[in-house]
There are 2 protein chains.
Amino acid sequence: MSGGVEWALHCCTLLSRSAEPVPAVKLAEFHDVSPSYLAKQLQLLSRAGLVRSAQGNSGGYALTRAATQITVLDVVEAIDGALPAFRCTEVRQRGPMATPAERCTAPCTIAQVMDSADRAWRDSLRAVTIADLVADADRVIPPETIERTRAWLRGGTVVPGT
Amino acid sequence: MSGGVEWALHCCTLLSRSAEPVPAVKLAEFHDVSPSYLAKQLQLLSRAGLVRSAQGNSGGYALTRAATQITVLDVVEAIDGALPAFRCTEVRQRGPMATPAERCTAPCTIAQVMDSADRAWRDSLRAVTIADLVADADRVIPPETIERTRAWLRGGTVVPGT
DNA sequence: GGCTCACGGACAAAAGTTATCCGAGTTGGG
DNA sequence: CCCAACTCGGATAACTTTTGTCCGTGAGCC
């Protein structure tokens, strides 16, 4: 799995805390990651329709739907793509005992097992939303820090406290 | 996921049909794949203890346990490794609102969700054994072909029928 | 003792990932 | 109405990981 998935998830949780759009540079500064590379992940989120980008002086990124309507799977598929990890190469149709193609209407057993596992994985990720992540984070982070974060998102660039 | 997983699974199903050891070259010929690369996958299976290699003139590979005692997950982990796909880089400990390390005893919510999904995936693969794959294949392949395969495994190199 | 076979590491090629830059478009103010 | 600053977006390059191949070494059978 791409490492950008983690960044994208953190960005979504942060965006859900802000009413106004947040520029990519600010998201990168908040998470202390490479701005140029994070921009790429945000573009993927935008292309997937999870976030909307606004240009101009007070532009930035914002979620297109409520955090309760965005699942972790949505974000993972936006970054890593929706293709399953396993791809059957039809080994059964090769070699001296090859099964003729006309008998290969259904996917082979191995592919079925892999698809089933892939479905279980996706189901598990689909069951959690960005709102769930935020709620769980709020249970751990002190309320004061949350308020400081909101202020930091609204205000200009702030020098981190010593 | 590595493409060698598919080959390894096919090899295991084939090995379960043979009482005698099968050389790597023969396994490669049966599946019509690169012998040099398949040898590498077989080494991984051997290192994981799933197959035993016998050297000498009538040597080859054989399963160490009954096919009912080898799960698909065993093979997948032997080839691809047992490490989870997602690795948390502790983004929460970075940036202006970093959470202090002493408060990070439990893994962050995102890592928990990913681990849970990974567990669901592995559970699904663990539920199927090599014997299940063979049983399902026998339901599709004509009995005559199965017998021809057994004969091919016993005998020397056979020219495929026209 | 000669032959065949499996093992292991070393080595090259390919793909995917990570990282960076510069141009196009938009907003807001003068 | 024009200018300037700020934003995203796509194209481009370096790196790491994976994939694939090869040959030398050691061990067992005839």
Side-chain angles (χ1 to χ4, degrees), chain A residues 1-8 11 15 18 20-29 31-64 76 78-87 89 153 156-157, chain B residues 1-8 11 15 18 20-29 31-64 76 78-81 83-87 89 91 153 156-157:
Chain A
M1 179 177 328
S2 166
V5 170
E6 187 182 9
W7 298 5
C11 284
L15 287 178
S18 172
E20 306 156 29
V22 183
V25 176
K26 216 162 186 183
L27 289 169
E29 186 186 350
H31 297 114
D32 188 24
V33 298
S34 158
S36 2
Y37 187 43
L38 183 63
K40 188 167 207 147
Q41 320 295 342
L42 291 170
Q43 279 176 38
L44 291 172
L45 290 180
S46 174
R47 202 173 298 173
L50 298 180
V51 303
R52 170 177 295 277
S53 66
Q55 290 189 339
N57 201 353
S58 60
Y61 288 95
L63 298 180
T64 56
V76 170
I79 303 296
D80 268 13
L83 288 83
F86 179 85
R87 202 177 69 85
T89 60
L153 282 170
T157 307
Chain B
M1 178 178 331
S2 166
V5 169
E6 187 182 10
W7 299 4
C11 284
L15 288 178
S18 172
E20 307 156 27
V22 183
V25 176
K26 216 163 185 181
L27 289 170
E29 185 186 351
H31 297 114
D32 187 25
V33 297
S34 157
S36 0
Y37 190 41
L38 182 62
K40 195 168 204 146
Q41 320 295 341
L42 291 169
Q43 280 176 35
L44 291 172
L45 289 179
S46 174
R47 201 173 299 171
L50 297 180
V51 303
R52 170 177 297 277
S53 67
Q55 292 186 341
N57 202 353
S58 61
Y61 288 95
L63 298 181
T64 55
V76 171
I79 304 296
D80 268 15
L83 288 84
F86 180 84
R87 201 176 69 85
T89 60
V91 176
L153 282 169
T157 305

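In what follows, every chain begins at residue 1, and chains take the letters A, B, ... in the order their sequences are listed. Reckoned from all heavy atoms, side chains included, excluding hydrogens, waters and symmetry mates.
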Write down the distance between [atom1] ([X]) and [atom2] ([N]), rounded to a whole number of angstrom.
X	N	atom1	atom2	result
B:I79	D:dT18	CD1	C1'	14 Å
B:E6	D:dT19	CD	C1'	15 Å
A:L83	C:dG16	CG	P	11 Å
B:R87	C:dT17	CZ	P	16 Å

Side-chain N or O of [X] closer than 4.0 Å to phosphate OP1/OP2 of [N]:
X	N	value
A:S53	D:dG9	yes
A:S34	C:dT18	no
A:R47	D:dG10	yes

Looking only at heavy atoms, what is the nearest atom pair of [X] and [Y], with distance?
X	Y	result
A:P23	A:G59	CG-O, 3.8 Å
B:L42	B:A24	CD1-CB, 3.5 Å
B:R87	A:E6	O-OE1, 3.8 Å
B:A62	B:P21	CB-CA, 4.3 Å

* Under 4.5 Å between any side-chain heavy atoms of A:V5 and A:D80, yes or no? ->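 Contact flag for A:V5/A:D80 side chains = yes.
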
* Min side-chain heavy-atom separation A:E20-A:S58 under 4.5 Å ->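 A side-chain contact is absent here, since even the closest heavy-atom pair is not under 4.5 Å.
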
* Contact list for DNA chain C against residues 37-45 of chain A - heavy-atom distance below 4.0 Å ->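 Of all residues in residues 37-45 of chain A, the ones placing a heavy atom under 4.0 Å from DNA chain C are A:Y37, A:K40.
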
* To do: Give every residue pair that meets the side-chain hydrogen bond (donor to acceptor under 3.5 Å, both in side chains) criterion with at least one member in residues 37-51 of chain A, sequence neighbours excluded.
  =>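 Sorted pair list: A:Y37-A:Q41.
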
For nucleotides 1-3 of chain D, give me every protein contact, N/O to N/O, under 3.5 Å, one pair per line with atom names.
none

Distances for protein N or O near nucleotides 22-30 of chain D N or O, under 3.5 Å:
from	atom 1	to	atom 2	distance (Å)
D:dA27	O4'	B:Q55	OE1	3.0

* Asked: Taking only residues two or more places apart in sequence or in another chain, which ones pass side chain to side chain contact (heavy atoms under 4.5 Å, CB included) with A:A54?
  ->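 Side chain to side chain contact (heavy atoms under 4.5 Å, CB included) check on A:A54 returns nothing, list empty.
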
* Asked: Hey, what do you get for CG (B:L45) to CG (B:L50), rounding to the nearest 0.5 Å?
  ->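 Result: 5.5 Å between the selected atoms.
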
* Nearest 0.5 Å, what's the CG-CG distance between A:L27 and A:L153? ->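 The distance works out to 8.0 Å.
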
* **5'-most by nearest nucleotide on DNA chain C - A:M1 or B:S46** =>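 Its nucleotide being nearer the 5' end, the pick is B:S46.
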
* Contact class for B:G60 vs. all strands (heavy atom < 4.0 Å): base, sugar-phosphate, or nothing? ->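 Here B:G60 touches the backbone only, sparing every base.
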
* Under the salt bridge (charged side-chain N to carboxylate O under 4.0 Å, His left out) test, residues paired with B:D32 that sit two or more places apart ->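 With sequence neighbours excluded, B:D32 shows a salt bridge (charged side-chain N to carboxylate O under 4.0 Å, His left out) to A:R94, given in chain and number order.
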
